[in-house]
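Encoded as structure tokens, the structure appears first; notes follow it.
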Amino acid sequence: MAEQHKVLLAGADERDLTQLAEYRAIGGYRGVDKARAMTSDALIDELQQANLRGRGGAGFPMGRKASLIDRKSPKPKYLVVNADESEPGAFKDREVMARVPHRLIEGCLIAAHAIESTDVFIYIRGEYLAEYEVLAAAVEEAREAGIFGDVRITVHRGAGAYICGEETALLESLEGKRGQPRPRPPFPPIQGLYAAPTQINNVCTIATVPVILEMGAEEFAKTGVPSSPGTAIFSVSGNVVRPGNYELDLGTPMRELIYEHAGGIADGRELKAVIPGGSSVPALSPDQIDVPLDYDSLGAIGTFFGAASLIVVDDRCCMVQLALRSTKFYMHESCGKCTPCRVGTRWMVQILESIENGTATHADLELLDSVGDNILGKVLCALGEFAVYPVASYLDKWRDEFVAHVEQGGCPFGSSSPLEGILAPSDQHAHSPMAAEALV
Amino acid sequence: MTSLYDEIQEVRARYPEGSRSAVLPALRLAQERDGWLSRAALEEVADALEVTPAFCYSIATFYDMLHLEPVGRVTIDVCTNLPCALCGAQEVVEAFESELGIRAGETTPDGGITLRAVECLGGCGYATVVAVNDRYRQHARAETVPEILGELDG
Ligand SMILES: Cc1cc2nc3c(=O)[nH]c(=O)nc-3n(C[C@H](O)[C@H](O)[C@H](O)COP(=O)(O)O)c2cc1C
Ligand code: SF4
Ligand code: FES
């Protein structure tokens, strides 16, 4: 079986790395000492040379972000770790926090030194209770061992809102407000948390930082592919034989991940589609899966690396049902600030429902395209786009299926699709008999 | 036993003075005590944070995990997002519905159990994910639903 290349998760199969002593036994926290022996300028140069690209979705180089922090500002500087992980399909940050929390904490201390910060916040999604407990205990253990110096690390729990993964919504939420994105500029490195210079990175980005210190930026930059060095933890879910997380070099062919690591399509079915970056990105058809898994290669075929999360879909699945369930998610999670997103996602759901139940006409397919076009580029944050990208790709690549719904006056797949009748939170009976009583 | 007021003051001290960052942890503390956020609880939190109840209400309405209505002593959240759905989440929801005699979104008449369909819980590779009082049960299938419910009685 194909081997993984464990760098972020190195050592976790052999030892209980949630324990400080165990992490230290494999050389843990030596990177902090190395970093603290450097000036922050030299450290930022090192990080820039490593060319580590953000693992949260956009792929912006982490070192470059650090170089944008206004370190001369009289205000405190903040480091914020985005552990909100709510993208459907993504479950990599969770494994890092549960299994190698000290590598994340070490990354925080190094990054904090680079931007001259003494205040670190880790914003973890509220649903991750077990992971919170492991991480909070590791923070406590490292603090008591005196590793923090003058740095404070606060683990802050969210309370269930996908939008709080968007970095400016996260900052609002962390400031105690409703998690609604901010207009930009100003960007967070200039004016972020509490209006002070703020570096925000994904869990896996920060957990890779100790690896850079250990290897040296020059060596790190030679791993993976030149445009995207290093490894990524790929979350594979859906209709494969062995779903799960696989840490692999960037540039590994998608086919190898799906067919060798994840064991191919389950139950002897055929591959129909791969949504490669979490549910918010355009899907690929089976003829496109020889693509190398890195930011630029995926970008070149019209999709995104996103959250390194592959949702594999087999031939039983109806693409209209897939689009409908996906859009209900984005409708439910829209923060409501921009009309095209708030109303557009709802409208998309209604059109998709009519296509699925057979009452739509050809004109409705055009309407669906146009509602999407009227969201793209007209909203404050990328959530609106995330609602449209996948649906537009299904409509483009599997158009005959949409047309068949219209022409046959119903779903050709019916209950043979696993998504038939799938409930979303927005479909459920919101008022229980108990709640009604309580209101009296 | 420390009062909610004192606990909230402790949490407040972790954040910069004058910020409202403690509102989420404070609302969580109130909900952990009562199971949900009643009007009285929102007023209590507001008082401890020196903000208005309306502000607390505006926050509580934004986040899915904060309940403005009573929920059962046990909450069962079944993920029905794409990866779990592709692996049979709907059958898991239906099995819970028929075992409990309620629909998703409802609470059993004795106030014991609330069943909900929820968005992705971040366990997509271990579908179907069910959170029982926020503790994840992974690889749930329709056939394992009686077992999950059986564990609640013990
Ligand atoms: C709607 C939306 C949700 C997002 N959710 C997450 C998330 O859960 N985790 C994450 O790291 N980034 C998420 N992002 C991306 C962040 O805005 C931001 O780009 C990222 O945290 C930066 O970290 P990085 O440079 O290390 O990738 C989301 C973006 C959008 C628009
Ligand atoms: S695009 Fe949607 S989620 Fe983003 S700010 Fe606008 S309404 Fe909110
Ligand atoms: S889709 Fe169910 S946990 Fe992600």
Side-chain angles (χ1 to χ4, degrees), chain A residues 85-91 94 125-130 154 156-162 173-179 194 235-239 243-245 275 279 309 311 313-314 317 322 325-326 329 332-333 418-425 427-435 438-439, chain B residues 14-16 19-25 27-28 36 38 49 51 58-66 69-72 77-78 80-90 93 102-109 111 114-127 131 134-136:
Chain A
E85 188 165 67
S86 312
E87 176 73 17
F91 49 97
R94 179 180 168 211
R125 68 177 291 185
E127 291 85 349
Y128 282 176
L129 175 58
T154 306
H156 186 94
R157 298 179 66 196
Y162 167 69
S173 178
L174 187 47
E175 289 183 6
K177 302 176 191 154
R178 290 163 72 87
Y194 309 126
S235 301
V236 186
S237 64
N239 305 129
N245 279 327
I275 317 174
S279 76
S309 308
I311 304 172
V313 178
D314 77 25
C317 180
L322 193 75
R325 182 62 187 89
S326 176
F329 170 71
H332 183 248
E333 301 300 332
L419 300 191
E420 162 75 11
I422 188 76
L423 275 181
D427 303 326
Q428 59 197 8
H429 297 243
H431 293 280
S432 61
M434 249 182 88
L439 290 175
Chain B
R14 287 183 218 148
Y15 299 94
S19 83
R20 291 179 170 184
S21 294
V23 66
L24 276 189
L27 290 169
R28 172 175 287 106
W36 66 293
S38 63
L49 291 172
V51 297
S58 79
I59 299 301
T61 52
F62 192 81
Y63 297 93
D64 288 348
M65 293 180 77
L66 299 175
E69 289 170 352
V71 292
D77 295 343
V78 184
T80 61
N81 210 300
L82 297 182
C84 284
L86 288 168
C87 300
Q90 183 61 18
V93 174
I102 53 172
R103 309 277 301 278
E106 295 177 346
T107 298
T108 52
T114 298
L115 175 69
R116 285 178 302 211
V118 298
E119 296 296 11
C120 176
L121 289 168
C124 330
Y126 323 105
D134 298 334
R135 297 280 168 195
Y136 285 15

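Computation of the quantities below employed the complete heavy-atom set of this structure, encompassing side-chain atoms and omitting hydrogens, waters and symmetry-equivalent molecules. Convention: sequence-line order gives letters A, B, ...; per-chain numbering from 1.
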Item to check | Choice from R157(A), E420(A), H332(A), E85(A) maximising heavy atom contacts with chain B below 4.5 Å | outcome: R157(A)
Checklist entry - Could you state the interatomic distance from CD1 (I59(B)) to CZ (R178(A)), rounded to the nearest 0.5 Å? => result 7.0 Å
Next on the checklist: Let's go through E127(A) and M65(B) carefully: what are the C-alpha distance in whole Å and the side-chain angles of both, what is the deciding distance for side chain to side chain contact (heavy atoms under 4.5 Å, CB included) to 0.1 Å, and is it a yes or a no?
Outcome noted: CA-CA 8 Å; E127(A) 291 85 349; M65(B) 293 180 77; 3.6 Å; yes
Distance-only donor-acceptor pairs under 3.5 Å for side chains of residues 82-90 of chain B, two or more places apart:
from, atom 1, to, atom 2, distance (Å)
Q90(B), OE1, L423(A), N, 3.1
Q90(B), NE2, G421(A), O, 3.3
Q90(B), NE2, E94(B), OE2, 3.0

Next on the checklist: Between S173(A) and Y63(B), do the side chains contain a donor N or O and an acceptor N or O under 3.5 Å apart?
Outcome noted: yes
Checklist outcome for this item: When the 4.5 angstrom heavy-atom criterion is applied to S326(A) and chain B, the contacting part is both
Item to check | Which atom of C120(B) lies closest to which atom of S86(A), heavy atoms considered | outcome: CB-O, 4.5 Å
Checklist outcome for this item: Max heavy-atom pairs within cutoff under 4.5 Å with chain A, candidates G123(B), P25(B), C124(B), goes to C124(B)
Next on the checklist: Whether the side chain of E119(B) engages the backbone of P425(A) through a donor-acceptor N/O pair (distance < 3.5 Å, no angle test) should be reported.
Outcome noted: no
Checklist entry - R103(B), R28(B), R135(B): which one forms the most heavy-atom pairs within less than 4.5 Å of chain A? => result R28(B)
Item to check | Among A159(A), P418(A), G126(A), S279(A), residue most engaged with chain B (heavy-atom pairs, under 4.5 Å) | outcome: A159(A)
Checklist entry - Which answer fits I422(A), side chain, backbone, both or neither, if we ask what part of it has an atom under 4.5 Å from a heavy atom of chain B? => result both
Checklist entry - Which answer fits R116(B), side chain, backbone, both or neither, if we ask what part of it has an atom under 4.5 Å from a heavy atom of chain A? => result both
Item to check | Reported OG1-to-CZ distance for the pair T80(B) and F329(A), which is rounded to 0.5 angstrom | outcome: 10.5 Å
Next on the checklist: Let's go through Y15(B) and T154(A) carefully: what are the C-alpha distance in whole Å and the side-chain angles of both, what is the deciding distance for side chain to side chain donor-acceptor pair (under 3.5 Å) to 0.1 Å, and is it a yes or a no?
Outcome noted: CA-CA 9 Å; Y15(B) 299 94; T154(A) 306; over 6 Å; no
Checklist outcome for this item: If one checks every heavy atom of Y194(A) against chain B at 4.5 Å, the contacting part turns out to be side chain
Item to check | Engaged part of L121(B) at the chain A interface, taking heavy atoms whose separation is under 4.5 Å | outcome: both
Item to check | Which portion of E333(A) sits near chain B, non-hydrogen atoms under 4.5 angstrom | outcome: side chain
Checklist entry - Between N239(A), V236(A), I311(A), which residue shows the highest count of heavy-atom pairs closer than 4.5 Å to chain B? => result N239(A)
Checklist entry - Taking it one step at a time, do Q428(A) and L115(B) satisfy side chain to side chain contact (heavy atoms under 4.5 Å, CB included)? => result CA-CA 10 Å; Q428(A) 59 197 8; L115(B) 175 69; over 6 Å; no
Checklist entry - Excluding sequence neighbours, so at least two apart, what forms side-chain hydrogen bond (donor to acceptor under 3.5 Å, both in side chains) with R94(A)? => result E131(A), Q138(B)
